[in-house]
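Working notes, structure below.
Values reported hereafter were calculated over all heavy atoms of this structure, with side chains retained and with hydrogens, waters and symmetry mates removed. Predicted model only: the values in this text are computed from it and were never measured.
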Amino acid sequence: MHRDFPEANTKGEILIVEDTPASLKLLGDLLGGAGYTVRQAPDGELALWTAQARPPELILLDVRMPGLDGFEVCRRLKASPELRQVPVIFLSAQHDTDDKVRGFALGAVDFIAKPFQAEEILARTDAHVRLGRAQKQLAQERASLEQRVLERTAQLAQEVQIRRANEELLRLSAQVFDATQDAILITDPAGLIVASNPAFTRITAYTAQEVLGLDILTLHADDTQSSVLDAMRQGLRVSGSWSGEVQTRRKSGDTYPCLLSVSTVYGPEAGGAVINYVGVFLDISERKAEQHLIDFLSYHDALTGLPNRALMARRFKQARAQAERDGQQLVLLCLDLDRFKNINDSHGQAVGDKALQVVARFLTGCVRDGDTVSRQGGDEFQILLQDDALLGRTLSLAQTILAGLRGELSVNGERLALTTSIGIAMYPADGDSLDDLLRHADTALVRAKETGRDHYAFFTERMGSDIRARLAMQQQLRGAIARDEFDVHYQPQICLRTGAMLGAEALLRWENPVLGKVPPGLFIALAEEYCLITAIGEWVLESVCAQIRSWHDAGLGRIKVAVNLSGKQFAQDHTVPFVEATLRKYGIPPACLGIEITESTVMGDPDKAVAALTRLKDIGVSISLDDFGTGYSSLGYLKRFPIDVLKIDKSFVDDVTTSSSDAAIALSVISLAHNLDMRVIAEGVETRAQVDFLAAHGCDEMQGYYFSRPLAAQAFTALLREKRLLALV
């Protein structure tokens with residue numbers, strides 16, 4: 001036996017149909033935690049079986065699934081008499097208008113885009129469950145009401161016809177008339193009220209005596225359309241009954257919507273004249289309010305009340321039509337709050353939501369009537385400006401927004417520091433559709449953030465190509481390890497006293513089938529930006545240790561190799577344990593491994609750096625400081641760091657024999673390192689004059705093209721076997 005409603009201790013029963021386990025669990029946890037009874041189905045066939053077994057109050061249905069997709073499942077649901085009234089909300093990662101048109105044509109009530117926003121899921125689910133219940137109850141009550149009207153009309157007609165012969169029936173009818181919860185009015189053929197029941201008084205505050213003899217039309221609201229009354233008269237004249245929605249007035253003067261059913265009572269004789277009209281009505285103001293809420297949420301953001309993507313698309317279409325007609329241009333600004341995640345992490349979700357509401361009010365106050373401020377989700381906002389031919393208003397608005405959000409915001413007693421970045425695109429110069437403008441404005445937004453945030457930037461074609469190139473590189477970089485596209489090259493490090501090769505620096509190389517050979521200066525920075533550097537760095541370390549093991553097993557001695565460690569790797573708590581574990585895995589003596597870091601790596605968090613470096617030093621790994629002199633390190637901190645080797649940057653080595661300032665810097669680094677019991681390596685050595693200068697002034701080691709370029713592992717192995725020395729005389 002099917003249940004109409006869930007048990008009293010739940011908010012309702014929901015069926016989630018989603019083939020992605022993570023999404024299924026996310027939605028189940030979210031809605032279950034919100035008080036709903038949740039059933040789940042990972043595919044369309046199981047969804048249909050589950051729904052038939054016990055119809056839920058709402059179905060969240062993924063559009064893209066193997067086997068039966070969401071559209072076919074929805075079609076079958078709506079074909080079932082028992083399930084056609086169950087509301088269906090589609091879930092989709094695609095923002096395809098054709099999909100939405102197809103979904104709504106099949107009977108869906110809403111679309112929710114992936115990735116999911118918790119507040120949006122809960123708001124839309126609550127609203128549709130309430131609306132579904134209200135519609136179901138209204139249908140039941142309406143059917144019941146019509147049935148009761150027919151029954152009561154028959155009773156009242158019978159009472160009029162045989163009232164003198166059946167006093168008991170009259171008494172029973174009077175009890176029903178008084179006890180019903182629906183308001184009832186009885187009029188004479190002229191429409192003058194002759195009776196009303198207690199429910200009418202409860203709903204309208206009019207007593208039975210106050211309305212006795214009044215024309216029923218006096219209770220209708222002034223704004224009731226004459227067409228409604230004309231339809232009512234026509235229905236009564238043709239069929240003797242009419243039902244529909246009308247606006248009615250309470251005693252206080254307030255108007256409200258009601259569902260009205262009117263029936264005609266005829267005399268007992270054949271073809272008898274009209275004796276009375278009986279009207280039964282139900283106050284549906286609360287249900288109408290819920291419908292208005294659903295309509296609002298369909299086109300507005302639930303948190304800020306700003307237009308959402310659907311309403312922005314509608315307004316853009318209208319604005320574009322006007323712009324085409326009047327020869328105007330439109331401007332789209334995309335805003336993203338800088339580092340907004342820090343506010344949620346530091347102050348909590350409630351403060352973050354309040355901050356978004358404050359920003360929404362501020363942005364709305366910055367624009368004029370006719371412009372549109374919308375929120376697409378998260379901390380992203382869009383502003384559509386009309387008719388700004390010379391961009392004067394756009395520039396002024398961008399500067400006003402940057403300045404207005406640059407100061408501190410007071411939210412729930414918290415002082416929040418907030419800035420924003422803005423990307424700007426124009427119609428028709430930068431695109432003909434809203435999707436084009438959004439994409440290009442987002443591209444400009446990325447550039448604004450890259451220039452230091454708290455800036456605005458206009459879209460240009462070159463900017464678009466640069467961003468597309470970066471995105472293409474990012475996509476290829478994500479799978480580079482799995483596709484075995486990386487390779488490690490080794491550049492020898494030579495002793496400037498003996499000419500012997502003491503070790504090497506490991507240098508990462510990437511060759512991609514699509515992009516070709518990509519310079520490290522490009523892809524290393526991109527890997528750090530997109531949080532891929534840790535996985536890549538661990539792959540390099542493991543590859544180097546495996547190669548050192550191979551050289552040991554081949555009898556080529558203990559080769560020492562320096563591996564670069566990025567700042568983001570260095571910040572990971574598990575990096576030092578990973579180094580220890582990798583050395584144990586390949587049986588490599590710690591003295592054969594060097595870790596090479598830059599000034600910026602250690603200066604980000606000096607105290608943490610000291611602890612990590614000390615631990616590495618304790619297990620026997622040597623530490624090299626690269627790019628020394630090019631950053632902002634403090635000599636006081638340098639004294640604290642357990643550094644074994646300082647490297648003189650190539651920028652100083654290039655002109656060491658021709659520039660007195662570069663020579664002075666190189667000599668200072670050598671002197672400083674030796675005074676701190678550190679060795680010195682000069683990198684980028686390419687000429688004999690550089691070798692002689694460095695050797696004469698006490699530099700310990702060198703690496704550079706003068707001795708060898710970086711070599712692949714096989715070529716470096718051959719160099720080890722050759723045991724070539726650098727001629728120092």
Would you check if Leu91 and Val63 make a side-chain contact, meaning some heavy-atom pair closer than 4.5 Å? no

I'd like to know if the side chain of His347 reaches the main chain of Ile343, judged simply by a donor and an acceptor atom lying under 3.5 Å from each other, with no hydrogens or angles considered. no

Short side-chain donor-acceptor distance under 3.5 Å, Ser421 and Asp338: yes

Donor-acceptor pair, Arg483 side chain versus Gln476 backbone, under 3.5 Å? yes

Are the side chain of Gln690 and the backbone of Glu686 linked by a donor-acceptor contact shorter than 3.5 Å? yes

Does any N or O in the side chain of Thr498 come within less than 3.5 Å of the main-chain N or O of Ala500, such that one atom is a donor and the other an acceptor? yes

For Tyr456, does the six-membered ring have the charged nitrogen or CZ of Arg447 within the cation-pi criterion, i.e. under 6.0 angstrom from the centroid and within 45° of the normal? no

Just checking, is any N or O donor in the side chain of Asp649 or Ser651 under 3.5 Å from an acceptor N or O on the other one? yes

Identified side chain to side chain contact (heavy atoms under 4.5 Å, CB included) counterpart of Ile595 within the set Val576, Val621, Asn564, Leu613: Val621

Check side-chain hydrogen bond (donor to acceptor under 3.5 Å, both in side chains) between Ser661 and all other residues, then give those that pass, not counting sequence neighbours. Ser659

Name the atoms and distances for all side-chain donor-acceptor pairs under 3.5 Å in residues 664-675, with sequence neighbours left out.
unit_1	atom_1	unit_2	atom_2	d
Ser668	OG	Ala664	O	2.8
His674	NE2	Asp700	OD2	3.0
Asn675	ND2	Ser671	O	3.1

Atom CZ of Arg406: over 12 foreign heavy atoms under 6.0 Å: yes

Tell me if the CZ atom of Arg339 is crowded by more than 12 foreign heavy atoms within 6.0 Å. no

Would you say Gln714 has more than 12 foreign heavy atoms packed within less than 6.0 Å of its CD? no

Side chain of Arg64, backbone of Ser92: donor and acceptor closer than 3.5 Å? no

